[in-house]
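One structure below.
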Amino acid sequence: ALYHAKKRLRGGAVLFNTDHEHQINLEARIESVLKQADLEKELSVVFQPIVDIRDGSTIGFEALARWDSPTLGKVSPASFIPIAERAGMIGSLTRPLFRKALDAAISWDAPLRLSFNLSAHDLNAADGVLAIIGIIETSGFDPKRLDLEITETAFTHDFEQVTQSVETLRRLGCGISLDDFGTGYSSLTRLHALPLTKFKIDRSFVTNLHQSPASYKIVKSLLTLSADMGLDCVIEGVETEEELEALKALGGTSVQGYLFSPPLPEEQAMEFAARTSRE
Ligand code: C2E
Ligand code: CA
Ligand code: CA
Ligand code: CA
């Protein structure tokens, strides 16, 4: 009786159309469109510069996925990547994205580095890592100029298998970056057990760094930790001069963020690199 009363009161469908339900419907829609998408055609990569703040030179680029769907328009990777992971189809996105990123990078004149994001699901099975190695070898790109970015949470999936995959990629010569560093709960013991070459400090610690004593202390200790472990450290999401000055004072050297450049289509990325080359 209550149900009918409410239903009459609010007028049918509105009753259960909560925000949560709306979110679920949206995700289901994205998933079904993704499943039928021509991924080779609709996916592309853009490149965000990683800059050495000591001399302003470009060290390399992080490849970031873009999806332009004929039905949905442009969809952010922050939404379609997790959906593809949950749907068990991330591998079918990783493969074309990685090929496209390497196809671009192989033609760069300067020996710039390429960073590429891998998801846990790309690494928690032996055939996933074989597919990745196959793509690197086919491309002809030097694995020593490649940084594969993995988040801490990737290792919570299947620690043994993911660690093994990462070790295989490391032996091939690839750099291994721990992405979104500081946001997970990795113990120091665990971090030491991984074959890492780089940390990427998460943007959340950089926003208003100059005004936040807590963030300042966190960034300071993450930089100290990376130095103690002999690892490079890239600081993400730098948007203002004030943040940059605070990072310089803390001894940060590699930075990625809108202050320098947003992610760019390949051609513009190359123009950026040429403008900021060491000579
Ligand atoms: P991420 O790996 O942490 O990448 C950094 C994100 O921060 C990118 O968002 C980048 O555009 C954004 N960003 C960079 N500098 C700034 C800044 O100064 N301010 C702000 N507000 N944002 C900044 P994007 O391209 O939307 O990617 C979102 C996430 O999607 C990535 O976070 C990554 O987790 C995932 N992703 C993107 N491409 C791929 C991919 O090819 N494969 C996988 N597995 N994940 C990907
Ligand atoms: Ca990343
Ligand atoms: Ca990140
Ligand atoms: Ca992130």
Side-chain angles (χ1 to χ4, degrees), residues 30 34 39 42-51 53 60-68 74-105 113-124 128-129 131-132 135 146-154 157 162 165 175-184 196-209 219 222 232-244 247 252 254-265 268-269 272:
I30 292 174
L34 200 55
L39 295 173
E42 296 170 28
L43 290 174
S44 61
V45 281
V46 286
F47 298 91
Q48 188 176 31
I50 301 171
V51 173
I53 55 177
F61 292 94
E62 177 176 5
L64 292 157
R66 294 295 179 262
W67 179 28
D68 196 352
K74 292 190 165 72
V75 186
S76 160
S79 70
F80 73 77
I81 295 282
I83 291 171
E85 287 174 342
R86 281 194 291 273
M89 57 179 299
I90 190 70
S92 57
L93 277 71
T94 299
R95 290 186 294 272
L97 287 167
F98 197 27
R99 277 196 292 267
K100 282 169 196 262
L102 286 165
D103 268 1
R113 302 191 66 81
L114 174 72
S115 290
F116 187 81
N117 295 283
L118 290 179
S119 110
H121 304 264
D122 292 317
L123 301 168
N124 65 8
V129 80
I132 289 160
I135 293 168
L146 197 54
D147 291 307
L148 299 171
E149 300 194 2
I150 299 154
T151 60
E152 281 171 80
T153 47
H157 282 250
V162 172
S165 300
I176 308 292
S177 302
L178 193 67
D179 204 356
D180 300 350
F181 184 43
T183 60
L196 300 173
T197 54
K198 208 174 270 191
F199 287 138
K200 294 194 79 174
I201 299 184
D202 192 65
R203 168 159 61 92
S204 56
F205 304 115
V206 179
T207 309
N208 290 321
L209 179 66
V219 173
L222 294 179
D232 295 331
C233 196
V234 177
I235 303 149
E236 288 191 293
V238 181
E239 293 183 353
T240 67
E241 289 291 347
E242 288 84 358
E243 290 163 359
L244 179 65
L247 288 171
S254 308
V255 159
Q256 189 179 343
Y258 294 167
L259 178 63
F260 296 93
S261 172
L264 301 167
Q268 282 167 257
F272 183 94

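Whatever order the structure lists ligands and atoms in, that order sets their numbers, starting from 1.
Looking at Asp179 and the Ca ion (ligand 2) together, the shortest N, O or S contact belongs to OD2. When distances from the Ca ion (ligand 2) to the N, O or S atoms of Glu62 are compared, OE2 comes out shortest. Checked against the Ca ion (ligand 3), the N, O or S atom of Asp180 at the shortest distance is OD1. In Glu149, the N, O or S atom that comes nearest to the Ca ion (ligand 2) is OE1.
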Test log, rule side chain to side chain contact (heavy atoms under 4.5 Å, CB included), inputs Glu236 and Val206: CA-CA 7 Å; Glu236 288 191 293; Val206 179; 5.9 Å; no
Worked verdict on Ser254 versus Asp232 for side chain to side chain contact (heavy atoms under 4.5 Å, CB included): CA-CA 8 Å; Ser254 308; Asp232 295 331; 5.8 Å; no
Let me see the working for Trp67 and Leu93 under side chain to side chain contact (heavy atoms under 4.5 Å, CB included), right down to the final yes or no. CA-CA 10 Å; Trp67 179 28; Leu93 277 71; over 6 Å; no
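Counting heavy atoms only, Tyr258 comes closest to atom 22 (N) of ligand 1 of the residues Phe98, Phe80, Tyr258, Phe116. Compare Arg66, Gln48, Lys100 by their heavy atoms: the one nearest to atom 25 (O) of ligand 1 is in Arg66.
Under 4.0 Å from ligand 1, not a single heavy atom of Leu259 appears. Here Pro263 has side-chain heavy atoms under 4.0 Å from ligand 1, and that is the only part of it that gets that close. At a heavy-atom distance under 4.0 Å, atoms from both the backbone and the side chain of Asn117 approach ligand 1.
Side-chain contact between Phe260 and Ile53 is present, with heavy atoms from C-beta onward closer than 4.5 Å.
Applying the 4.0 Å criterion to heavy atoms of Gly257 picks out, from ligand 1, the atoms 15 (N), 18 (O). For ligand 1, the atoms closer than 4.0 angstrom to any heavy atom of Leu97 are 41 (O). Ligand 1 places these atoms under 4.0 Å from at least one heavy atom of Asp180: 3 (O).
At least one N, O or S atom of Asn117 sits under 3.0 Å from the Ca ion (ligand 2). Within the coordination shell of the Ca ion (ligand 3), defined by N, O or S atoms under 3.0 Å, Glu236 is present.
Taking distance alone, with nitrogen or oxygen atoms compared against 3.5 Å, Ser76 stays at or beyond that limit from ligand 1. Geometrically, ligand 1 and Arg203 share a nitrogen or oxygen pair separated by less than 3.5 Å. For ligand 1, none of its N or O atoms has an N or O atom of Gln256 under 3.5 Å away. Residue Asp179 has at least one nitrogen or oxygen atom sitting less than 3.5 Å from a nitrogen or oxygen atom of ligand 1, judged on distance alone. Checked against a 3.5 angstrom limit, the closest N/O atoms of Leu64 and ligand 1 fall outside it. The N/O atoms of Asp122, backbone and side chain alike, include none that comes under 3.5 Å of an N/O atom in ligand 1.
A donor and an acceptor atom, one from each side chain of Thr94 and Asp122, are located under 3.5 Å apart.
Ring-plane geometry between Phe181 and Phe199 is classed as parallel, the angle between the planes falling under 30 degrees on a 0 to 90 degree scale with a further cut at 60.
Contact annotation: Glu236 has at least one heavy atom less than 4.0 Å from an atom of ligand 1. Heavy atoms of Glu62 come nearer than 4.0 angstrom to ligand 1 in at least one pair.
The nearest pair of heavy atoms linking Phe61 to Ala269 is CZ-O, 3.2 Å.
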